[in-house]
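Quick caveat: nothing in here was measured; it's all calculated off a predicted structure. Chain identifiers are assigned alphabetically (A, B, ...) following the order of the sequence lines, protein sequences preceding nucleic acid strands; residue numbering begins at 1 within each chain.
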Amino acid sequence: MSTKSIGQEFTKGLWDENPVFRQLLGLCPTLAVTNAVINGLAMGMATSFVLIFSSLVVSSIKKFIPSQVRIASYVVIIATFVTVADRFLAAFFPPISKSLGPYVPLIVVNCIILGRQEAFSSKNTVGRSLIDALGMSSGFVLAMLLLSAIREILGMGTFLGYQVMGPWFEPWIIMLLPPGAFITLGILLALALQIERKAKSWK
Amino acid sequence: MKLSTQMVVVLTSVGLLSGSFLATVGHLTKERIALNKQRETEKAIIQVVPGIVSSQKLYEERDLSVYGGKDAEGNIVGFAIQASGIGFQDKITLMLGTNTSLKKINRLAILDQKETPGLGAKIANSEFFLLYWENRDSSGTITLHKPAVSSPEELLPTEVNTITGATISSEAVLNIVNTSLEQVRKIIKEGKLTGEAQDVN
């Protein structure tokens, strides 16, 4: 059982245990779909939806699940919500569904979600699991936004499709390609570590 | 309860519950998803065959559909050919608008593509690519103009522009267009196209 205060339970997902920058989980979608802010945002929201609802379900039925079949049960629960998210996007936001392509169904294998079920929801109350999932989701959405904003601005000179760079700006195509994702993520991770270190030395 | 029984019971009920939940969700969204797809096709047909008010499917096979675009009097004034083929990354699906003799391309639209963002994905962009496909002469084979030019006036009527840095994607689109035109000509020759617009003008 977690002994943190409710506030800490939420904020740990934003920084101390940020899924992308601190735990390095869920890097596949983080690298793959952050080439435009709208894609990053949509992926962040879809992942949050799956994470929040899976955490709610897992924490409420945890008592009935024998530990031998817990992973199988979690995966079925997660896959259910992923399919719901996928159908929902296809029905109501077809352009986003199209641009995310196979990455929506792939949320099933996002380690953040299974990781939170295993590490948190299966041991904590429904309320705490909800707060934890909300915090982790916000941390993930923030990371996706940051990464996709950097990549879209440098790669296309636009933000959410609006031109933000002047005509003098020559887009860095590499930022839209896989290497750009790795470079940006690497620099951001280094920055996160540096900030963490500075913060510790002040304490 | 014995552990093994409990495992079976839990897994079965989790599976059953999520299965029935998904069936409901699938049922609720099915119509809307089909409608989205249909709307998208209709929009593309009207976009590539100018001046039409309705359309009718004339032919369908794997990776190739032909729609007839009708004017207000119900005469077919042009074809919209929906075709798919292999791009640089994945399948490209496009909609090609031609006149009834297939000798002139009105416009091209890309329905689906997963080309490299910023490079090959420009095939769906009007300014970089699709603009250069307007009013092409398709009585023979269309060719690619390399290197890229910056205005449609610099091209021959039978040429289309290349995207700098994405020659393979540009070629892929061209191949799909040339192949599908060939196929449609054959279909018309064999008289498999339903509808009365087979008189060549």
(message) Any heavy-atom pair between the side chains of A:Lys123 and A:Glu118 that's under 4.5 Å?
(response) no
(message) Does atom CD (B:Glu190) have a neighbourhood of more than 12 heavy atoms from anything else shown, all under 6.0 Å?
(response) yes
(message) Once ring-ring contact (aromatic ring centres under 6.0 Å, His included) is applied, what residue pairs with a partner in residues 67-87 of chain A remain, sequence neighbours excluded?
(response) A:Phe53-A:Phe81
(message) Under 4.5 Å from any heavy atom of chain A, what part of B:Val25 do you find: side chain, backbone, both or neither?
(response) side chain
(request) Residue by residue, scan residues 165-177 of chain A and write down, ordered by number, those that have a heavy-atom distance under 4.5 Å to chain B; if none do, write 'none'. (result) A:Ile173, A:Leu176, A:Leu177
(message) When you compare the side chains of A:Ser148 and A:Thr34, does any donor N or O come within less than 3.5 Å of an acceptor on the partner?
(response) no
(request) For B:Lys43, check salt bridge (charged side-chain N to carboxylate O under 4.0 Å, His left out) against everything at least two apart and list the hits. (result) none
(message) My understanding is that only one of B:Gln89, B:Gln113, B:Glu115, B:Lys122 makes a side chain to side chain donor-acceptor pair (under 3.5 Å) with B:Ser169; could you say which?
(response) B:Glu115
(request) Could you tell me which of A:Ile61, A:Ile77, A:Thr80 has the largest number of non-hydrogen atom pairs under 4.5 Å with chain B? (result) A:Thr80
When the side chains of residues 82-98 of chain A are checked against the rest of the protein, which donor-acceptor pairs come out under 3.5 Å, sequence neighbours left out?
from	atom 1	to	atom 2	distance (Å)
A:Thr83	OG1	A:Ala79	O	2.7
A:Lys98	NZ	B:Glu40	OE2	2.6
A:Lys98	NZ	B:Leu111	O	2.4

